[in-house]
**Student:** 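I'd like to ask you about the structure that follows.
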Amino acid sequence: MIELKHITKIFRQEGRETKALDDVSILVPKGKIVGVIGESGAGKSTLIRTVNLLERPTLGEVFVDGQNLISMSDSQLAKARRDIGMIFQHFNLLSSRTVFENIALPLELDKTPKDEIRRRVEELLLLVGLEGKSDDYPSKLSGGQKQRVAIARTLATNPKVLLCDEATSALDPATTRSILALLKDINSQLNITILLITHEMNVVKEICDEVAVISGGQLIEQGSVADIFSHPKEPLTKQFIASSLHMEIPADYQERLQENQKEGKHALLWVEFTGNSVDAPVLSEVARRFEINSNIISARMDYIGGLKFGIMLVEFIGSVENENRAIEFLKNKNIKVEVLGYV
Ligand SMILES: Nc1ncnc2c1ncn2[C@@H]1O[C@H](COP(=O)(O)OP(=O)(O)OP(=O)(O)O)[C@@H](O)[C@H]1O
């Protein structure tokens, strides 16, 4: 439904050049939800804004529903954009218009008859769970309600694609979950394809089918959410996953962490289980075979992209030789083990 091909975007400002995107290609299949995750300044906003040509790429091609947007005339582009809805972090509602009038706006611009507008807006209010809020002004609404109005407004003209630019970043965790659930509903009920950008892996985990990681304007990793969570390759991807699972190394361990192994220090491990290994009693086996005491610092089990997934931060306490043998034992069982250092 969306295909970005070799997109490069260079901003030129006061003689300075910034390469915001560097040869980025991304494919969003029809009916899927794809997330692009990256840190601040990675190029996420620029990337999502190229999909409807709010930002024209310096190089590359943009296809939406099989149509090449770059080669279109202004009027063709205006028509194509009607199929591409967009919601933003700060909702962008008109404060002088009621909820009803905000949602009706794109229909008024389309010169839709009044009774048709009323019918459509009421349908949308129901869809986004804002029945009874029709005559309220945005200033009376919570952040979550404002985003619901923005979603209803963008759905008014039946777009095929919805672009979400950090749509939940200004919301608290509970409201974030409810808005993500609404987006998932819209995706499955209306078969709308969604491309979203975020800096939070939780958003990806919650609703995306596929994810792409962007850093310094380049896509460094992409794949299905289950694949990326179970086999992340890039350190940045691992960092995003760790922060979404609240699995950072505690500060006191971080302070004691050393690179080299020596007697009296113990291995601090990052262990990932997927598939059969999730249910295997490996730590008790390690204890029995190698006289290792496992000090579990944190552990999480989750279903991500339909796959059971476990992750653990654990200290192996034993002799140097036994710790190494135990680590080899886990690796031979196809469990992913990374020695973070020695504490
Ligand atoms: N209009 C512009 N003119 C000049 N430079 C720009 C412009 N827009 C973005 N940039 C630069 O391009 C790079 C990517 O910015 P972008 O806003 O796409 O990143 P982002 O990942 O969305 O960051 P954030 O999460 O902080 O919004 C940054 O270095 C930014 O300073």
**Student:** Under the side chain to side chain donor-acceptor pair (under 3.5 Å) rule, what pairs show up with a residue in residues 27-44, not counting sequence neighbours?
**Tutor:**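 Sorted result for residues 27-44: empty, none.
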**Student:** Please report the closest heavy-atom contact between L219 and S25, naming both atoms and the distance.
**Tutor:**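 Where L219 meets S25 most closely, the heavy atoms are CD1-O, 3.3 Å.
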**Student:** Closest heavy-atom contact between R81 and L53?
**Tutor:**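 Of all heavy-atom pairs spanning R81 and L53, the closest is NH2-O, 3.1 Å.
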**Student:** Check the hydrophobic clustering (I, L, V, M, F, W, Y; side-chain heavy atoms under 4.5 Å; chains of links allowed) and say if V121 and L127 are grouped together.
**Tutor:**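 V121 and L127: one cluster.
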**Student:** Under 3.5 Å, is there a donor-acceptor pair between the side chain of S188 and the main chain of K184?
**Tutor:**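 Here the side-chain-to-backbone pair exists.
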**Student:** Does any pair with a residue in residues 311-343 pass ring pair (Phe, Tyr, Trp, His ring centres under 6.0 Å), and if so which ones, sequence neighbours excluded?
**Tutor:**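 As it turns out, the ring pair (Phe, Tyr, Trp, His ring centres under 6.0 Å) pairs with a partner in residues 311-343, which skip direct neighbours, are F290-F329.
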**Student:** Going by the rule side chain to side chain contact (heavy atoms under 4.5 Å, CB included), which residues pair with D172 if we only count those two or more places apart in sequence or in a different chain?
**Tutor:**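 Once residues adjacent in sequence are excluded, the partners of D172 under the side chain to side chain contact (heavy atoms under 4.5 Å, CB included) criterion are A174, T175.
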**Student:** Are D115 and R118 ion-paired here, with the side-chain N under 4.0 Å from a carboxylate O?
**Tutor:**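 Salt bridge: no.
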**Student:** Quick one: list whatever passes side chain to side chain contact (heavy atoms under 4.5 Å, CB included) with R97, sequence neighbours left out.
**Tutor:**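 R97: side chain to side chain contact (heavy atoms under 4.5 Å, CB included) contacts with L94, E101, N102, L105, E108.
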**Student:** With sequence neighbours excluded, give me every side chain to side chain donor-acceptor pair (under 3.5 Å) pair touching residues 189-199.
**Tutor:**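 Matches after skipping sequence neighbours: E166-H199.
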**Student:** L313 pairs by side chain to side chain contact (heavy atoms under 4.5 Å, CB included) with which of L340, L269, N295?
**Tutor:**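 Running side chain to side chain contact (heavy atoms under 4.5 Å, CB included) over L340, L269, N295 with L313 returns exactly one hit, L340.
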**Student:** Scan residues 124-139 for pairs that pass side chain to side chain donor-acceptor pair (under 3.5 Å), counting only residues two or more places apart or in two chains.
**Tutor:**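 Those involving residues 124-139 do not exist here.
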**Student:** Test: salt bridge (Lys or Arg N to Asp or Glu O under 4.0 Å). Region: residues 217-236. Which pairs qualify, not counting sequence neighbours?
**Tutor:**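 Found none.
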**Student:** Would you call R120 and E116 a salt bridge, taking side-chain N to carboxylate O under 4.0 Å as the test?
**Tutor:**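 So R120 does not pair with E116 through a salt bridge.
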**Student:** Write out all pairs satisfying side chain to side chain donor-acceptor pair (under 3.5 Å) with one or both partners inside residues 2-15, taking only residues at least two apart or from two chains.
**Tutor:**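 Applying side chain to side chain donor-acceptor pair (under 3.5 Å) to every pair that reaches into residues 2-15, excluding sequence neighbours, yields H6-D23, R12-E17.
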**Student:** Side-chain donor-acceptor pairs under 3.5 Å in residues 202-215, sequence neighbours left out?
**Tutor:**
residue : atom : partner : partner atom : Å
K205    : NZ   : D302    : OD2          : 3.0
D209    : OD2  : I33     : N            : 2.8

**Student:** Nearest heavy-atom pair of A152 and L124: which atoms, and what distance?
**Tutor:**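 That closest heavy-atom pairing would be O-CD1, 3.6 Å.
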**Student:** Give the minimum heavy-atom separation between G318 and E323, together with the two atoms involved.
**Tutor:**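 Here G318 and E323 meet closest at O-OE2, 2.9 Å.
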**Student:** Identify the heavy atoms of I241 and S244 that sit nearest to each other, and give their distance.
**Tutor:**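 Reported closest heavy-atom pair: O-OG, 2.9 Å.
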**Student:** Name all residues meeting the side chain to side chain donor-acceptor pair (under 3.5 Å) criterion together with S45; count only those two or more places apart in sequence or in a different chain, and write none if there are none.
**Tutor:**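 If we apply the side chain to side chain donor-acceptor pair (under 3.5 Å) test to S45, skipping adjacent residues, there are no hits.
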**Student:** Go through the structure and list residues passing side chain to side chain donor-acceptor pair (under 3.5 Å) with R177, not counting sequence neighbours.
**Tutor:**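 Listed in chain order: nothing, the list is empty.
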**Student:** Identify each donor-acceptor pair in which a side-chain atom of residues 69-76 lies under 3.5 Å from a protein atom, sequence neighbours left out, and give them as a table.
**Tutor:**
residue : atom : partner : partner atom : Å
S71     : OG   : N68     : O            : 3.3
S73     : OG   : S75     : OG           : 3.4
S73     : OG   : Q76     : N            : 3.2
S73     : OG   : Q76     : OE1          : 3.2
Q76     : OE1  : S73     : N            : 2.8

**Student:** For L162, run the side chain to side chain contact (heavy atoms under 4.5 Å, CB included) check against L190, L196, N187, I194 and tell me which one passes.
**Tutor:**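 For L162, the side chain to side chain contact (heavy atoms under 4.5 Å, CB included) test succeeds with only one of L190, L196, N187, I194, which is I194.
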**Student:** With no hydrogens and no angle check, do the side chains of E291 and N322 hold a donor and an acceptor under 3.5 Å apart?
**Tutor:**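 Side chains of E291 and N322: no pair found under 3.5 Å.
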**Student:** How close do V34 and P29 get, heavy atom to heavy atom, and via which atoms?
**Tutor:**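 Looking at all heavy atoms of both residues, the shortest contact is CG2-CD, 4.3 Å.
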